[in-house]
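What follows is a short report on a single structure.
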Amino acid sequence: MISFLNNRDAYINHIMFNPCSPLHHLLPLKLKFLPESYVLKEKKDIKGLITIAPSKNPVKRLEIQRLFFEENCYEDAEELIKFAISKYKSIGAISFIVRVDDTLPELIRLFVSKCGFSQISYERLWKVPIPNKPDFNKKDFRSFRNSDAGAVANLYNDSLLPHFRPLLSADAKEFKEAVFKGLSYYSEYKYMIDNKGYISIKTSDNENYILDLIQSSWAEIDLHSVISFAVKQIQKRQKNFNLFIKTKKYTNICEQNEQLFRDHRFECVQSQLVLTNSSAKIIKEREKTGRFTILNQPYGDRCLG
């Protein structure tokens, strides 16, 4: 969330302009692949804007990607959020996710108290010092292929802490290359690590690159080699850049990686709370087991809930 810029109309027109937008709005939810933006207007005055971005499985999960409104006009923000959720739920959306900087408590309260979101975890972004001489074994890395999507989905789901899986689990199609990849608003480069890990390097401005690593808790992966490999791939395309690596509290390797980054003096530049509005619920505690009856037929001990 930002306060509006002085040239906000031009800025919003830039965000909303896409030659495919008129046709894209007509697509059913399951076929959407581009972000869609909506503005809140009072007569001719633009009061705010919201952008909804689909995942590779848009029916399962949509993301609130941008939210602009006049400073302290939280009523306008609430109207935009509720409009978007209502609109997309009416055409079949199940879950919404938004990441909010933890320095914006009023905005967090708006999502949670007024718009039905729940805080489930956080993600952090760490600035990576660029190594002078990247060192890695080329044989450990190869380009991602669509046939790897199932294996990557399994790695990702295995990396999730159990109580987050109902909300955040993914299937293979969420990792496959999109048919209209060239129309995306960002560039992404994907690689496999010796069939035991997955790397995504993503940028929207060809200057700031975010490295996302997926690995299971049983897989031992040298982070120095991963970072060195990522640096080398970016250097093929861009000489001057910033590299960041993401950690996700809802995964089982987050704590060990964050401790490693602290030990090597990586700078944490952003901490975002992950909020969801979903029909799925987190089970915080395991329910007690017991005997129960269905249609007068007794069953043994089962886990309820």
Side-chain angles (χ1 to χ4, degrees), residues 55-56 61 63 97 99 101-102 119-131 134-137 139-144 148-172 174-175 188-202 209-234 242-276 280 282-286:
S55 67
K56 295 288 182 66
R61 188 177 301 114
E63 179 179 2
I97 189 168
R99 294 165 175 85
D101 196 295
D102 62 6
Q119 176 185 331
I120 62 169
S121 192
Y122 71 76
E123 295 178 351
R124 285 181 176 153
L125 212 56
W126 303 76
K127 188 169 184 180
V128 179
I130 306 299
D135 181 26
F136 61 93
N137 186 348
K139 295 181 179 179
D140 292 339
F141 302 88
R142 64 171 175 82
S143 295
F144 170 86
D148 297 317
V152 175
N154 289 336
L155 279 173
Y156 172 75
N157 292 334
D158 186 57
S159 75
L160 295 173
L161 294 171
H163 50 289
F164 292 119
R165 287 175 188 162
L167 291 174
L168 300 176
S169 62
D171 53 33
E174 295 183 54
F175 294 97
E188 184 177 19
Y189 313 103
K190 304 191 288 189
Y191 307 91
M192 298 296 294
I193 312 171
D194 196 23
N195 294 319
K196 61 183 181 181
Y198 166 84
I199 299 173
S200 165
I201 305 170
K202 188 180 292 187
Y209 290 78
I210 296 177
L211 171 62
D212 192 5
L213 169 66
I214 294 177
Q215 69 176 98
S216 179
S217 56
W218 52 262
E220 299 232 352
I221 292 178
D222 182 359
L223 273 175
H224 174 74
S225 294
V226 170
I227 291 170
S228 294
F229 175 79
V231 167
K232 197 68 175 178
Q233 300 311 305
I234 298 169
N242 298 309
L243 179 62
F244 305 88
I245 189 168
K246 183 188 293 187
T247 56
K248 295 162 280 193
K249 181 67 174 178
Y250 46 84
T251 64
N252 50 32
I253 60 169
C254 176
E255 295 292 343
Q256 91 181 45
N257 283 351
E258 289 194 347
Q259 186 58 52
L260 183 65
F261 297 161
R262 293 188 190 99
D263 292 344
H264 287 79
R265 301 184 182 277
F266 286 20
E267 179 188 2
C268 181
V269 296
Q270 186 182 63
S271 180
Q272 292 184 318
L273 298 181
V274 180
L275 311 174
T276 63
I282 296 177
I283 301 175
K284 295 184 178 179
E285 296 181 3
R286 187 180 178 86

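We number each residue from 1, following the sequence as shown.
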Sorted by chain and number, sequence neighbours left out, salt bridge (Lys or Arg N to Asp or Glu O under 4.0 Å) with Lys248 holds for Asp212

Between Phe136 and Asp222, is the side chain to side chain contact (heavy atoms under 4.5 Å, CB included) condition met? List the steps.
CA-CA 9 Å; Phe136 61 93; Asp222 182 359; over 6 Å; no

Is any side-chain heavy atom of Asp140 closer than 4.5 Å to one of Ser225?
no

Run the side chain to side chain contact (heavy atoms under 4.5 Å, CB included) check on Leu211 and Val226 step by step: do they pass?
CA-CA 9 Å; Leu211 171 62; Val226 170; 4.1 Å; yes

Rounded distance (nearest 0.5 Å) linking atom CD of Glu123 with atom SG of Cys254:
9.5 Å

How far apart are the closest heavy atoms of Asp148 and Ser143, and which atoms are they?
OD2-O, 4.3 Å

Is the NZ atom of Lys246 crowded by more than 12 outside heavy atoms at less than 6.0 Å?
yes

Could I get the full list of ring-ring contact (aromatic ring centres under 6.0 Å, His included) partners for Phe244, not counting sequence neighbours?
none

Look at the aromatic rings of Phe229 and Tyr191 and report parallel, tilted or perpendicular, splitting at 30° and 60°.
perpendicular

Under the 3.5 angstrom rule, does the side chain of Arg99 hit a backbone N or O of Glu63 as a donor-acceptor pair?
no

Is there a side-chain contact between Met192 and Val152 in this structure, where contact means two heavy atoms from C-beta onward sitting under 4.5 Å apart?
yes

Using side chain to side chain contact (heavy atoms under 4.5 Å, CB included) as the criterion, point out the one residue from Asn157, Ile97, Thr251, Leu161 that pairs with Leu168.
Ile97

What's the verdict on side chain to side chain contact (heavy atoms under 4.5 Å, CB included) for Leu155 and Phe175, showing C-alpha distance, side-chain angles and the deciding distance?
CA-CA 11 Å; Leu155 279 173; Phe175 294 97; over 6 Å; no

Measuring from atom OH of Tyr250 to atom OG of Ser159, what distance do you get when rounded to the nearest 0.5 angstrom?
8.5 Å

Test: Glu220 and Lys196 ion pair at under 4.0 Å:
no

Which residues satisfy the side chain to side chain donor-acceptor pair (under 3.5 Å) test with Asp102, sequence neighbours excluded?
Ser271

Atom CG in Asp194, atom CG in Asn137: separation rounded to 0.5 Å?
9.0 Å

Contact summary for Ala149 and Ala172, nearest pair of heavy atoms:
CB-O, 3.3 Å

Interatomic distance, NZ@Lys190 vs CD@Gln233, rounded to 0.5 Å, equals 15.0 Å

Show the atom names and distances, to 0.1 Å, of all donor-acceptor pairs under 3.5 Å that link a side chain in residues 257-268 to residues at least two apart or in another chain.
unit_1, atom_1, unit_2, atom_2, d
Glu258, OE1, Tyr122, OH, 3.4
Glu258, OE1, Arg124, NH1, 3.1
Glu258, OE2, Thr247, OG1, 2.8
Gln259, NE2, Asp263, OD1, 3.0
His264, ND1, Leu260, O, 3.0

Please round to the nearest 0.5 Å and tell me the distance separating atom CG of Leu213 and atom CD1 of Ile245.
6.0 Å

Derivation and outcome, side chain to side chain contact (heavy atoms under 4.5 Å, CB included), residues Ser228 and His224
CA-CA 6 Å; Ser228 294; His224 174 74; 3.7 Å; yes

Atom CD1 of Ile253 and atom CD1 of Ile221: how far apart are they, to the nearest 0.5 Å?
7.5 Å

Those residues at least two apart in sequence (or on a different chain) that pass side chain to side chain donor-acceptor pair (under 3.5 Å) with Asn242 are Asn208

Applying ring-ring contact (aromatic ring centres under 6.0 Å, His included) to Phe144 and not counting sequence neighbours gives Tyr198

Are side-chain heavy atoms of Ile227 and Leu243 found at a separation under 4.5 Å?
yes

